[in-house]
Amino acid sequence: MDRKELTIVEHLVEFRKRLLAVVICFFLVFCVSLIFADQIYQYVTQSFQQKLIVLGPNDILWIYIRLASLMAFTITLPYTVYHIWSFIKPGLKKEEARAIFAYIPASFLCFLVGLAFGFYFVTPALLQVLLGLGEGLFETQLTAQNYLSFVFQTTLPLAMIFELPVIIAFLTSIGLIGPELLIAYRRYAYFILLVLAVILTPADFVSDLAMTAPLILLYELSIAISKHIMKHKQKGERNGNLT
């Protein structure tokens with residue numbers, strides 16, 4: 001049946017089915033991740049030479065749930081994006097649908113790269129600097145909750161923002177934006193990225209600076225990708241006119 005002929009109720013039924021499929025997938029992956037939550041925790045905290053403190057048994061449960069939720073969200077992300085694509089596909093042009101489908105693996109890869117960059121580079125550097133500020137003045141005792149909250153604050157925002165090149169590439173490919181627009185509003189984009197860095201990171205100058213720098217580099221990378229796509233589109237149009 002043509003998607004355009006569906007009624008609102010039929011749209012809602014299809015949406016519910018796809019949402020249910022995503023929720024079930026998330027729940028199954030969450031359960032499996034919860035079984036291995038202790039191993040995930042050991043991996044996340046392996047950079048510490050001493051065990052982190054917990055203030056009660058409830059903390060252990062919530063730590064495991066948060067870690068399992070992160071794993072479930074990450075692993076389920078491609079499946080979720082696929083269902084979103086399948087739901088909106090009939091309402092798109094063939095070129096738009098093809099472009100979105102091509103960007104599904106790219107979005108997942110960028111998310112993983114953002115997580116890895118935040119976890120292996122940004123988090124250790126920030127932690128070392130911030131702990132160094134109080135060296136000799138304070139006896140710092142990190143709880144597991146404090147540490148994981150810090151890790152999530154410095155990795156998840158980066159993982160989401162690392163999707164920027166994919167978004168820009170898609171919008172350029174369907175003609176909604178171009179490199180000229182990105183260049184014209186560069187100063188405003190820098191300001192917005194700075195505000196995002198302040199909002200998404202712990203409240204200190206070092207964290208804000210460490211978050212802003214990669215965001216600006218991502219924006220410049222997005223401009224380069226947009227230029228490349230636009231040049232490729234213009235070349236294709238010229239070839240099409242010649243034929």
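In what follows, residues are counted from 1 in the order of the sequence shown.
- For Tyr43 and Phe36, the distance between ring centers is not under 6.0 angstrom.
- A pairwise comparison of heavy atoms in Leu158 and Pro214 identifies CD2-CG, 4.2 Å as the closest pair.
- Expressed to the nearest 0.5 Å, how far CD1 of Ile223 lies from CD of Glu180 amounts to 10.5 Å.
- In this structure, OG1 on Thr154 lies 13.5 Å from CZ on Phe121, to the nearest 0.5 angstrom.
- Two different hydrophobic clusters hold Tyr79 and Leu109 under the rule that ILVMFWY side chains link at heavy-atom gaps under 4.5 Å.
- Thr74 and Phe111 make their closest contact through OG1-CE2, 3.6 Å (heavy atoms, listed as atom of the first residue, atom of the second, distance).
- Leu70 is listed as a side-chain neighbour of Leu156, based on a closest heavy-atom distance under 4.5 Å.
- Across Cys110 and Val166, no two heavy atoms sit closer than the pair SG-CG2, 3.4 Å.
- Atom CD1 of residue Ile35 and atom OH of residue Tyr64 lie 13.0 Å apart, to the nearest 0.5 angstrom.
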Go through the steps for Leu52 and Tyr41 under the test side chain to side chain contact (heavy atoms under 4.5 Å, CB included), then give the verdict. CA-CA 11 Å; Leu52 295 170; Tyr41 174 80; 3.6 Å; yes
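- Connection of Val22 to Met71 is not established within any shared hydrophobic cluster, with ILVMFWY side chains joined at heavy-atom distances below 4.5 Å, either directly or through further cluster members.
- Atoms CD1 and CD1, on Ile60 and Ile65 in that order, are 12.0 Å from each other to the nearest 0.5 Å.
- Between Tyr147 and Ile63 there is no side-chain heavy-atom pair separated by less than 4.5 Å.
- Under the 30°/60° scheme for interplanar angles, the aromatic rings of Phe30 and Phe26 are found to lie parallel.
- Phe27 and Leu61 sit in two unconnected hydrophobic clusters of ILVMFWY residues. Membership requires side-chain heavy atoms under 4.5 Å apart, directly or through other members.
- In this structure, Lys227 and Ile183 have side chains that are in contact, with non-hydrogen atoms separated by less than 4.5 Å.
- The two residues Gly178 and Met230 make their nearest non-hydrogen contact at CA-CE, 4.0 Å.
- The side-chain heavy atoms of Ile168 and Ile225, taken from C-beta on, include no pair separated by under 4.5 Å.
- Separating the CG atom in Leu182 from the OG1 atom in Thr172 is a distance of 6.0 Å, to the nearest 0.5 Å.
- Applying the side-chain hydrogen bond (donor to acceptor under 3.5 Å, both in side chains) rule to pairs touching residues 108-118 yields nothing, sequence neighbours excluded.
- Among all heavy-atom pairs drawn from Ile104 and Pro78, the shortest one is CG2-O, 4.2 Å.
- Leu221 places none of its side-chain heavy atoms less than 4.5 Å from the side chain of Leu217.
- The six-membered or imidazole ring of His83 lies away from that of Phe87, with a centre-to-centre distance of 6.0 Å or more.
- Ile75 and Val32 are members of different hydrophobic clusters when ILVMFWY side chains are connected at heavy-atom separations under 4.5 Å.
- Using a 4.5 Å cut-off on side-chain heavy atoms (C-beta onward), Val54 and Gln145 make no contact.
- For Thr76 (side chain) and Phe73 (main-chain N/O), no donor-acceptor pair under 3.5 Å exists by modelled atom type.
- Looking only at distances, no side-chain donor or acceptor of Thr155 sits under 3.5 Å from a matching main-chain atom of Leu115.
- Leu67 and Leu34 fall within a single hydrophobic cluster, where Ile, Leu, Val, Met, Phe, Trp and Tyr are joined by side-chain heavy atoms under 4.5 Å apart, directly or via other members.
- At distances below 3.5 Å, not a single donor-acceptor pair connects side-chain atoms of Tyr190 with backbone N or O atoms of Tyr219.
- Tyr82 OH: 12 or fewer foreign heavy atoms inside a 6.0 Å radius.
- Between Thr123 and Phe152, the closest side-chain pair of non-hydrogen atoms is not below 4.5 Å.
- Taking each heavy atom of Ser149 and Arg66 in turn, the nearest pair found is OG-NH1, 3.3 Å.
- A donor-acceptor contact shorter than 3.5 Å links the side chain of Ser222 to the backbone of Leu218.
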